[in-house]
Asks: 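One structure, pasted below without further comment.
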Amino acid sequence: MDLQLALIICGFLLAAYSTVANDSIQTVGTFLSSNAHRPWWLLWIFISGILCIVLLYGWHTNDGDVAYGRLEKYPFPEDFSWIYVLAPLILLGLTKFGYPVSTTFLILTVFAPKNLGAMLIKSLSGYAVAIIVTFLIVFFVTRALEKKFAATNKEKPPVHWVIFQWFSTAFLWSQWLIQDLANIYVFLPRNLEFHYLILSLVLMICLQGVLLYFRGGKIQKVVLSKTNVTDIRSACIIDLLFGIILFIFKNLSNIPMSTTWVFLGVLAGRELALTLLLKHRGMKGIGKNIGSDAFKAIIGLIISVLIALLLPKLAA
């Protein structure tokens, strides 16, 4: 095995694990927290099944492009060097300390720094839309439900809510994969041959098994610090809102965006609405909670920009 091939494999493995591990708060965070009583392997089978469907469908319908066109402006490097592997390695380190950073900015900007501006505009727009839409829906539409959920969160939820949560998680997970598979498959040729597709799929399933076995790691604390997220009924609403917003932005353009920022916007809008409705904590407390998440995400953004600017110079 030559050095370039070894770097490609290493980059893919690091990106596959670090991307899902860091973004577990977005897609499977509420799912894990509200299903903590279920065996980890059952959740693994469910999550892996959705991954197989999305990946195989994308490969079949897009002539071997599993990233659903989101890598059109990110050509595969002719000279694959160590600088591309460094980005997911840094992401893995930040995940270890519980920082909900954007994998899109950290990884993709190294491959095409000129696209950073377009990604930033789309991601910040998603953050703003997520806060506003979630706040309005929770405060004016689902307020009665959320109050009921908070008052009965110790009771066993009806079976139909359990079924609904698994469907909403499947929808959200599929939309997240369509957006963020680009962050992983940017390390592989844009049109995969079938045997490479199967090999990459098996590797990703194994890495997800590790993640689910440890129940999401430190990043999970971002979810658990929010109001009543262990309630399956509240988790359904969070997942459905997040999935719909991702679906809308997915159809606006093929420009990759930070799903982390959108997810933090959903949590912030919901937490703000619940604070006003339930009056269970002061505005100072909610401001500190939301501000802490945003501060960590901004740190990740700054690091991303520095990586995009400095790594090409290091390789020169």
Side-chain angles (χ1 to χ4, degrees), residues 22-34 94-95 98-105 119-143 145-147 149-150 153 168-169 172 175-176 179-180 216 218-231 233-249 257-302 304:
N22 191 278
D23 291 355
S24 64
I25 59 167
Q26 307 170 21
T27 47
V28 297
T30 53
F31 183 68
L32 289 178
S33 60
S34 58
L94 291 173
T95 301
Y99 279 85
V101 297
S102 169
T103 59
T104 301
F105 291 130
M119 287 194 300
L120 183 59
I121 292 174
K122 187 175 181 180
S123 299
L124 293 180
S125 298
Y127 179 70
V129 169
I131 290 179
I132 296 171
V133 170
T134 304
F135 174 82
L136 293 176
I137 289 179
V138 173
F139 193 83
F140 293 105
V141 180
T142 65
R143 56 189 300 166
L145 284 175
E146 290 286 1
K147 287 183 177 180
F149 298 161
N153 61 356
S168 64
T169 299
L172 170 59
Q175 296 308 304
W176 180 88
Q179 284 284 353
D180 275 27
K218 288 188 177 181
I219 288 292
Q220 187 71 354
K221 293 180 180 179
V222 175
V223 172
L224 295 176
S225 66
K226 302 302 182 292
T227 303
N228 204 31
V229 293
T230 57
D231 191 305
R233 299 164 298 179
S234 293
C236 283
I237 295 177
I238 294 173
D239 290 351
L240 191 59
L241 287 174
F242 185 29
I244 291 173
I245 293 173
L246 287 184
F247 176 80
I248 293 172
F249 275 90
M257 68 181 297
S258 170
T259 52
T260 298
W261 282 80
V262 177
F263 178 71
L264 293 178
V266 170
L267 287 184
R270 176 180 179 272
E271 199 68 12
L272 181 59
L274 290 182
T275 298
L276 296 175
L277 288 172
L278 303 178
K279 297 180 174 58
H280 63 299
R281 67 169 75 173
M283 292 304 296
K284 183 178 180 180
I286 181 61
K288 182 179 180 180
N289 189 293
I290 295 174
S292 175
D293 295 343
F295 176 72
K296 290 179 180 179
I298 290 173
I299 290 177
L301 175 60
I302 293 173
S304 304

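Basis for what follows: all heavy atoms, side chains included, without hydrogens, waters or symmetry-related copies. Since we're looking at a predicted model, the values are computed, not measured.
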Asks: My understanding is that only residues two or more places apart in sequence, or in another chain, count here; which of them pass side chain to side chain contact (heavy atoms under 4.5 Å, CB included) with Ile121?
Replies: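 Testing Ile121 for side chain to side chain contact (heavy atoms under 4.5 Å, CB included), a comparison that skips the adjacent residues, returns Ser125.
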
Asks: Under the side chain to side chain contact (heavy atoms under 4.5 Å, CB included) test, which residues partner Ile248, sequence neighbours left out?
Replies: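 Ile248 satisfies side chain to side chain contact (heavy atoms under 4.5 Å, CB included) with Ile244 only.
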
Asks: With rounding to the nearest 0.5 angstrom, report the CE to CG distance, Met119 to Leu124.
Replies: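 The CG atom of Leu124 is 11.5 Å from CE of Met119, to the nearest 0.5 Å.
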
Asks: Mind running side-chain contact (heavy atoms from CB on, under 4.5 Å) on Trp261 and Ile298 for me, showing each step along the way?
Replies: CA-CA 10 Å; Trp261 282 80; Ile298 290 173; 3.8 Å; yes

Asks: Name the orientation class of the two ring planes belonging to Phe263 and Phe242 (parallel below 30°, tilted from 30 to 60°, perpendicular beyond 60°).
Replies: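 Ring orientation, 0 to 90° scale: tilted.
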
Asks: Applying ring pair (Phe, Tyr, Trp, His ring centres under 6.0 Å), name anything that partners Phe249, two or more places apart in sequence or on another chain.
Replies: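 For Phe249 there are no ring pair (Phe, Tyr, Trp, His ring centres under 6.0 Å) partners, ignoring immediate neighbours.
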
Asks: List the residues meeting side chain to side chain contact (heavy atoms under 4.5 Å, CB included) with Ile132, not counting sequence neighbours, and say none if there are none.
Replies: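 For Ile132 the side chain to side chain contact (heavy atoms under 4.5 Å, CB included) partners, ignoring immediate neighbours, are Leu136.
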
Asks: What heavy-atom pair brings Ser258 and Ser123 nearest, and what distance separates the two atoms?
Replies: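 For Ser258 and Ser123, the tightest heavy-atom pair comes out as N-OG, 2.7 Å.
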
Asks: Out of the candidates Val262, Val266, Thr260, Leu264, only one should pair with Tyr127 under the side chain to side chain contact (heavy atoms under 4.5 Å, CB included) rule; please name it.
Replies: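 For Tyr127, the side chain to side chain contact (heavy atoms under 4.5 Å, CB included) test succeeds with only one of Val262, Val266, Thr260, Leu264, which is Leu264.
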
Asks: Identify the heavy atoms of Gln179 and Leu246 that sit nearest to each other, and give their distance.
Replies: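 Smallest heavy-atom distance, with atoms named: NE2-O, 3.8 Å.
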
Asks: Looking only at non-hydrogen atoms, find the nearest pair between Ser168 and Leu240 and report the distance.
Replies: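 Closest heavy-atom pair between Ser168 and Leu240: CB-N, 4.5 Å.
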
Asks: Which heavy atom in Thr134 sits nearest to a heavy atom in Arg270, and how many Å separate them?
Replies: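 Minimum heavy-atom separation between Thr134 and Arg270: CG2-N, 3.5 Å.
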
Asks: List for me each residue that meets side chain to side chain donor-acceptor pair (under 3.5 Å) alongside Thr169, sequence neighbours excluded, and say none if there are none.
Replies: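 Listed in chain order: Asp239.
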
Asks: Check whether Thr104 reaches the backbone of Met257 with its side chain - one donor and one acceptor, N or O, closer than 3.5 Å.
Replies: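 Yes; at least one donor-acceptor contact below 3.5 Å.
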
Asks: How far does CD1 of Ile131 sit from CG of Leu267, to the nearest 0.5 angstrom?
Replies: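 The CD1 atom of Ile131 sits 10.5 Å away from the CG atom of Leu267.
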
Asks: Can you confirm whether Phe247 is buried at CZ, in the sense that more than 12 heavy atoms of other residues, nucleotides or ligands lie under 6.0 Å from that atom?
Replies: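 No.
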
Asks: If you define the side chain from C-beta out and look only at heavy atoms, does anything of Phe105 sit under 4.5 Å from Leu120?
Replies: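 In short, these two side chains touch, coming nearer than 4.5 Å.
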
Asks: Sequence neighbours excluded, which residues qualify as side chain to side chain contact (heavy atoms under 4.5 Å, CB included) partners of Ile137?
Replies: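 Counting only residues at least two positions away or on another chain, Ile137 forms a side chain to side chain contact (heavy atoms under 4.5 Å, CB included) with Val133, Val141, Thr142, Leu241.
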
